[in-house]
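All values below come from the heavy atoms of this structure, side chains included, with hydrogens, waters and symmetry mates left out. Numbers restart at 1 for each chain; the letters A, B, ... are given by sequence-line order, proteins then strands.
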Protein chains: 2
Amino acid sequence: MSEIDTRQRILDAAESLFMEHGFEATTLRRITGHAGVNLAAVNYHFGSKEALIQELFRRRLTWLNEQRLAALDRLEADAGGAPVKPSRILEAFFGVAVTMAADRAGGGHTFMRLLGRTYTEPSAFVRSFLAEEYSEAISRFKRALVRALPGVPSDEIFWRFHFMLGAMAYAISGADALNIIAEKPLDESDGGALYARLMSFLIGGLRAPLPAGLSQSVPTSPRKQSQKSAGKPRLVKRA
Amino acid sequence: MSEIDTRQRILDAAESLFMEHGFEATTLRRITGHAGVNLAAVNYHFGSKEALIQELFRRRLTWLNEQRLAALDRLEADAGGAPVKPSRILEAFFGVAVTMAADRAGGGHTFMRLLGRTYTEPSAFVRSFLAEEYSEAISRFKRALVRALPGVPSDEIFWRFHFMLGAMAYAISGADALNIIAEKPLDESDGGALYARLMSFLIGGLRAPLPAGLSQSVPTSPRKQSQKSAGKPRLVKRA
DNA sequence: GTATAATTAAAACATTCGTTTGAAACGGTT
DNA sequence: AACCGTTTCAAACGAATGTTTTAATTATAC
């Protein structure tokens, strides 16, 4: 087995196992077992589990954000100095992601679900890695949106961009979590339909009227939980 | 130290540590150390780490969804048979959540961030637990939305509800993940402002025009990553 | 005050993890 | 064929984890 094959098989196996069970719960033994390679191969080819994770994201994320920036470049070139339509900007950013998420055979689907979940990943090194990988694309798209929406405060645009990212991430990665909740599972087989649905939702949200009184307060004040373990001490069975 | 105190201190410590480092990376030793109790206390009072996690969610989630349902009950009673305004329904569902998230002193803020991240938690037992805890509230709010939006296909409503949940979860829990990305950190100190911003975004998305052609396809086809490790095998330093 | 149950405490348990080791197998070059 | 760097392999390492055990301590009831 050639070196590149081994690397690839490890990455592919890790991708789907991380997606299924998370980073910590996925052991190197399961990864290498699933990939059909020796346990030591991970440390040999990547150096550590952490480095494996980074390489796993790098190999897809770099491409993804390059596509996004290229699409934005094309839009701005076509517009010739004039601001680009907001819906076009969103299509460039989210369309590429949904496209990748629709690619089930090549693993893009798995990766995008993993990525969506990783946005809220607590571990520091993943977060800082994502931050670096995303910084250029995010800032350029923000700038484009600010230009495209004169009159809208840029803070508001940032927040809405934040909301949109969340909606997309959940649409892709949280699908089965919420399918359990839903009595009738949502059909996510048609990537095109998801794209159309998400896009009109996002554009609706982006173009929503600005909140009237920004200092308007939240309905009522919250209470701490009501400890219910009434009297009876919760006994744990012993052997 | 009374039993109830020990339980409470464990739960509180676990909540903030789980939020900070995730479930797997948070050890019982850190939890009990942070709570100032003995290591064995967790297994004595809760039975297992898994059961601790479930109790942690139960104590807040039950109250949260009761509040949501009570708010919906009031709305429907006030409407007297007529459909409730969609924006009102959203306020009932998301307002309670944002309210809880604004409660920093009582731990509601920490919990809501943890909850948001947990929607995409891979581990099976957490998912099935959440599903059960949410099922009533979700189905009742869905029904209310379907009534409130005649003419809109219920599938579309379900999807948008899904999107909205994602936007809210990220607004609350993914905040610092995206703050790293953002060059200027978003100010989330004002819970009321967040609420107003989120609400107008959500209502805008919910009321957006329906996607024109639902079978419309995604822009271009995706490519697998471009393996960049040109020739040079990546050597790992050995001792 | 004494008996009885509930809780805390310290120590050890078995397992599992990521990583390292040193030798064997492989591939290409001369 | 003999060499040499690369890759694979089985085995082991030390550390850390959730859990259990047994004894000491505290609270509660009679």
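Between B:Y44 atom OH and D:dT22 atom P the separation is 17 Å, expressed in whole Å. What separates CD of B:E24 from P of D:dG18 is a distance of 9 Å, to the nearest Å. Separating the CG atom of B:L39 from the C1' atom of D:dT19 is a distance of 8 Å, rounded to the nearest angstrom. Regarding A:K49, its NZ atom lies at a distance of 8 Å from the P atom of C:dT19, rounded to whole Å. In this structure, B:F23 places its CZ atom 16 Å from C1' of D:dG18, rounding to the nearest Å. Protein atom CG of B:N43 is 5 Å distant from nucleotide atom P of D:dT19, rounded to whole Å. When the C1' atom of C:dT20 is taken as reference, atom CG of A:L28 falls 13 Å away, rounded to whole Å. Atoms CD1 (A:I10) and P (D:dC9) sit 11 Å apart, rounded to a whole Å.
Side-chain proximity of A:N38 to the nucleotides C:dA6, D:dT19, D:dC9 is greatest for D:dC9. In this structure, the nucleotide among D:dC9, D:dG18, C:dG18 sitting nearest to the side chain of B:T27 is D:dG18. Listed nucleotides D:dT17, D:dA10, C:dT20 differ in distance to B:R29; the shortest reach to its side chain belongs to D:dT17.
Ring geometry for A:W159 versus A:H162: interplanar angle under 30°, hence parallel rather than tilted (30 to 60°).
Within the 4.0 angstrom heavy-atom criterion, only backbone atoms of the sugar-phosphate kind lie near B:T26; the bases stay farther away. Residue-level contact check: B:A41 touches neither bases nor backbone, having no heavy atom under 4.0 Å from any strand.
At the phosphate of D:dT8, OP1 or OP2 sits under 4.0 Å from a side-chain N or O atom of A:T6. Note on A:H45: a side-chain N or O is less than 4.0 Å away from OP1 or OP2 of D:dT8.
In this structure, B:R59 and B:R7 have side chains that are not in contact, with every pair of non-hydrogen atoms separated by 4.5 Å or more.
The minimum heavy-atom distance linking A:F201 with A:A167 is given by the pair CE2-CB, 4.1 Å.
The environment of CZ in A:R140 is crowded: more than 12 heavy-atom neighbours from other residues, nucleotides or ligands sit within 6.0 Å.
Taking the ring-ring contact (aromatic ring centres under 6.0 Å, His included) definition, one finds that A:F94 meets it with nothing, sequence neighbours left out.
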